[in-house]
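In what follows, a single structure is set out as structure tokens and then discussed.
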There are 2 protein chains.
Amino acid sequence: MQTDLLSAQFAALADPTRRAILARLSEGEASVNELAEPFDISLPAVSKHLKVLEKAGLISRGREAQWRPARLEPMALKGIAEWMEHYRRFWDASFDRLDAYLKKIQQGDDRGPRN
Amino acid sequence: MQTDLLSAQFAALADPTRRAILARLSEGEASVNELAEPFDISLPAVSKHLKVLEKAGLISRGREAQWRPARLEPMALKGIAEWMEHYRRFWDASFDRLDAYLKKIQQGDDRGPRN
DNA sequence: CGCGTTGTCAACCGTGCGGTTAAATAAAGA
DNA sequence: TCTTTATTTAACCGCACGGTTGACAACGCG
């Protein structure tokens, strides 16, 4: 079993069905039936996907009568974004320039009042 | 089997050992033995991890005599970054106002027709 | 209450993953 | 050539994953 949250999040995102579910939820919360509609899989399968997403902290669920609407958990992807930031310089050209600039500043004067 | 590159990349990143390997490679290329050293797993296991990373396009491998150094593939993470960009407004503070606006909209027209 | 709707739980199945050990391959060096 | 070093391949193992079907629970409504 996966104890590490970041691993759980990456693993959750590795499935195309789950990414599609997230895309749908980015337009607003939805019931399980609504989420299942575009796919050719059974309802329990969708229910399992939602459980995976929930354990990864990517969604949360409510209750309204017999519906259990799922909604995107807004801050969840921030952890991944922060992990990626460490590698940003490898693919983002504009970051290279900023990086160089920051290093240059840092060399001479650490606590300068930048306004 | 996974044919989708994005899925393969997320799956590759879901393993902590592989993320540690990437972190090591972000400081420069390394041989399999060097990469294996911090871990308590066998060499073939590391070799398999490298193959997963390579198939995901995250690293590439060379040959120098009997060594097969691995190096980070610079542009690889860009695909993931672009996927995440779609969700940026959900966690980035500078989009807070937009987010609040979307939530407000969402309240009104949630579950209309259909089931 | 009984009924229909919505969703989950339980059990099962096939496949792939991360790990192992043992053997094979590749290249440098004596 | 024979040996040493570096790495991959092959075969296997246990387990988690994504899927199924069938039964069950929760709730609104007549």
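Lettering follows sequence order; numbering is per chain, from 1.
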Task: Donor + acceptor pair across side chains of Ser7(B), Arg19(A) (<3.5 Å) - done: yes

- [ ] State, without any angle test, whether Arg89(A) and Ser26(B) hold a side-chain donor-acceptor pair at a distance under 3.5 Å.
- [x] no

Open item on the list: Arg71(B) and salt bridge (charged side-chain N to carboxylate O under 4.0 Å, His left out): which single residue from Glu64(B), Glu29(B), Glu27(B) fits?
Closed with: Glu29(B)

Task: Neighbours of DNA chain C within residues 25-53 of chain B, by heavy-atom distance under 4.0 Å - done: Asp40(B), Ile41(B), Ser42(B), Pro44(B), Ala45(B), Lys48(B), His49(B)

Nearest whole angstrom, please: distance from the [atom2] of [N] to the [atom1] of [X].
| X | N | atom1 | atom2 | answer |
| --- | --- | --- | --- | --- |
| Phe10(B) | dG18(D) | CZ | C1' | 19 Å |
| Arg61(A) | dA26(D) | CZ | P | 15 Å |
| Arg68(B) | dA27(C) | CZ | P | 8 Å |
| Glu64(B) | dT7(D) | CD | P | 11 Å |
| Ile21(B) | dG18(C) | CD1 | C1' | 12 Å |
| Lys55(B) | dG16(C) | NZ | C1' | 12 Å |
| Glu54(A) | dG7(C) | CD | C1' | 13 Å |
| Gln66(B) | dA6(D) | CD | P | 7 Å |

TODO: State plainly whether the residues Arg88(A) and Glu85(A) are in salt-bridge range, i.e. N to O under 4.0 Å.
DONE: yes

Open item on the list: OP1 or OP2 of dG18(D) versus the side-chain N and O atoms of Arg18(A): is any pair under 4.0 Å?
Closed with: yes

Open item on the list: To the nearest 0.5 Å, what is the distance between CD on Glu34(B) and CZ on Arg24(B)?
Closed with: 5.5 Å

TODO: Name the orientation class of the two ring planes belonging to Trp83(A) and Phe10(A) (parallel below 30°, tilted from 30 to 60°, perpendicular beyond 60°).
DONE: perpendicular

